[in-house]
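Written below as structure tokens is the structure these notes are about.
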2 protein chains.
Amino acid sequence: MTQVPTRERLLDAAGDLFYKHGFQAVGLDQILDTVGITKTAFYKHFASKDDLIVAILDHRDQREMEEWMAYIRIRGRDDARRQLEALFELLDDWFKNPEFRGCLFLNALTEFPSENDPINRAARKHGEHLAAAVMELASHAGAAEPGALTEQLMLLVTGAIASRHRGGDLDAAKTAEAMAKVLISSACGPAARRR
Amino acid sequence: MTQVPTRERLLDAAGDLFYKHGFQAVGLDQILDTVGITKTAFYKHFASKDDLIVAILDHRDQREMEEWMAYIRIRGRDDARRQLEALFELLDDWFKNPEFRGCLFLNALTEFPSENDPINRAARKHGEHLAAAVMELASHAGAAEPGALTEQLMLLVTGAIASRHRGGDLDAAKTAEAMAKVLISSACGPAARRR
DNA sequence: CCAGAGGTTGACTCCGGGTACACCACATTC
DNA sequence: GAATGTGGTGTACCCGGAGTCAACCTCTGG
């Protein structure tokens with residue numbers, strides 16, 4: 001019976017609560033109640049609530065990047081172009097989840113708008129990681145200007161998430177996917193499909 | 001000497017603070033200090049902080065819609081297609097402002113994620129107003145499917161704002177504008193320009 | 001055997017949202 | 001000329017959340 005260490009349980013439980021209700025809206029006590037420890041115990045794991053948030057963002061960044069890349073590899077086979085397109089299929093799957101509340105990292109960015117804030121930094125890193133991954137796929141796909149395509153696709157991804165979050169467009173992922181396919185085709189040439 | 005009524009000053013000052021630092025991050029006291037009144041006086045104007053936020057969102061929705069439509073009419077002349085494109089020029093101007101901190105309404109949506117929350121409702125209304133305006137322009141521009149074009153353009157607008165807010169793409173408006181022009185052309189026919 | 005990690009209880013500070021009460025000044029209206 | 005409403009003031013207060021502190025417990029490994 002290897003018990004799940006408290007630190008992990010804190011990261012999980014607090015992450016879920018923050019995602020559902022927002023970072024500032026969730027009190028420490030609420031987190032401590034669900035995990036079942038006391039305040040003093042908490043402060044032996046994390047220096048502050050902010051520290052906890054940073055740890056959550058780092059942890060989820062890593063986890064989500066792995067999950068997303070795995071999904072993309074499976075759905076996109078060995079075709080970099082198809083993999084780029086799979087990114088939007090992933091979004092569609094995600095948006096169908098009734099628990100969807102936007103992107104944790106984008107949410108963190110708006111709740112902690114100061115650029116010096118460690119939380120803000122941690123949240124921005126996720127965007128950079130995703131952009132780097134897209135950039136690599138764009139290069140592999142033979143895009144004429146991988147950088148430009150990356151900015152376009154990232155804007156579509158961000159826009160789809162924010163649109164769906166706003167509640168206006170329930171099929172935001174499909175909307176974005178249609179645009180993405182056009183962009184990918186025109187950037188990589190209409191036919192060629194490379195590794 | 002018609003003094004600016006306190007209610008207006010509260011809306012302005014609190015709106016600015018909320019935009020800069022976030023809704024939950026700004027305390028009532030901070031607002032009261034900048035306006036120069038006491039807590040008791042505040043509660044004679046608004047029932048609560050939430051009530052104040054709703055009033056600010058309503059107020060700014062109206063103001064921003066007027067400003068945006070005026071900008072679009074000036075830059076787009078009497079050409080609905082050019083007016084749609086002008087929307088992205090407006091974004092570019094906005095993004096150049098160093099005070100840019102994202103969209104107040106999108107920010108409100110992430111800080112108050114509960115759909116029942118009056119603040120959430122008020123923030124969503126702004127998106128609906130803007131979408132309605134875009135829809136009308138899309139119809140005037142002779143789009144084959146105005147609804148589809150509206151969803152695409154709204155996604156680009158939202159994506160540009162969120163991308164710029166994320167800090168990844170400083171030229172997000174240009175990126176979105178390029179995509180928008182293609183979409184508008186293909187939806188309305190490559191040449192025709194109507195009122 | 002002892003140190004250290006992870007835990008407990010309980011009391012405490014400070015700050016923010018919100019309330020209650022008593023009071024003041026001025027303009028309008030009966 | 002008194003009454004009332006509006007927009008203020010000041011002070012004292014309650015509650016909940018973040019964070020601190022001190023004293024103590026228990027299990028585990030060198």
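Letters A, B, ... are given to chains in the order of the sequence lines, protein chains preceding strands, and every chain is numbered from 1.
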Before accepting this row, confirm whether a basic side-chain N of the pair A:K181/A:E177 lies closer than 4.0 Å to the acidic partner's carboxylate O.
-> yes
Distance in angstrom units between A:H45 NE2 and D:dG19 P, rounded | 16 Å
Residues from residues 50-59 of chain B lying under 4.0 Å of DNA chain D - heavy atoms | none
Would you say the side chain of B:L137 lies within less than 4.5 Å of the side chain of B:I72, judging by non-hydrogen atoms?
-> yes
Assign the ring pair A:W94 / A:W68 to parallel, tilted or perpendicular, where the plane angle (0 to 90°) is split at 30° and 60°.
-> perpendicular
Send over the distance from B:F46 CZ to C:dG17 C1', rounded to a whole Å.
-> 16 Å
Look at B:R164 together with B:D169 and state whether they make a salt bridge at an N to O cut-off of under 4.0 Å.
-> no
Between D:dG7 atom P and B:R9 atom CZ, what is the distance in whole Å?
-> 13 Å
Could you tell me whether A:D92 and A:K96 have a side-chain N and a carboxylate O separated by less than 4.0 Å?
-> yes
Given atom CG of B:L10 and atom P of D:dG7, what is their separation to the nearest angstrom?
-> 12 Å
Between B:D16 and B:K20, does at least one N-O distance fall below 4.0 Å, as a salt bridge requires?
-> no
Calculate the interatomic distance between B:K49 atom NZ and D:dG16 atom P; express it in whole Å.
-> 18 Å
Report yes if at least one side-chain N or O of A:T38 is closer than 4.0 Å to OP1 or OP2 of C:dT9; otherwise report no.
-> no
Which class fits the ring pair A:F18 and A:F23: parallel under 30°, tilted 30 to 60°, perpendicular over 60°?
-> tilted
Give the rounded distance in Å between these two atoms: CZ of A:R7 and P of C:dG6.
-> 10 Å
Check whether any side-chain heavy atom of A:L87 sits under 4.5 Å from a side-chain heavy atom of A:Y71, and report yes or no.
-> no
List every contact pair, protein side and nucleotides 19-27 of chain C side both N or O, where the distance is under 3.5 Å.
from: C:dA20; atom 1: N6; to: B:T40; atom 2: OG1; distance (Å): 3.4

Report the distance from atom CD1 of A:I37 to atom C1' of D:dG19, rounded to the nearest whole Å.
-> 14 Å
Residues of residues 22-34 of chain B with a heavy atom under 4.0 Å from any atom of DNA chain C, listed by number, are B:V26, B:G27, B:L28, B:D29
Using a 4.5 Å cut-off on heavy atoms from C-beta on, say whether the side chain of B:F46 contacts that of B:L11.
-> yes
Close side-chain approach of A:F100 and A:H165, heavy atoms under 4.5 Å | yes
Should A:H59 and A:E8 count as side-chain neighbours, where that means a heavy-atom distance under 4.5 Å?
-> yes
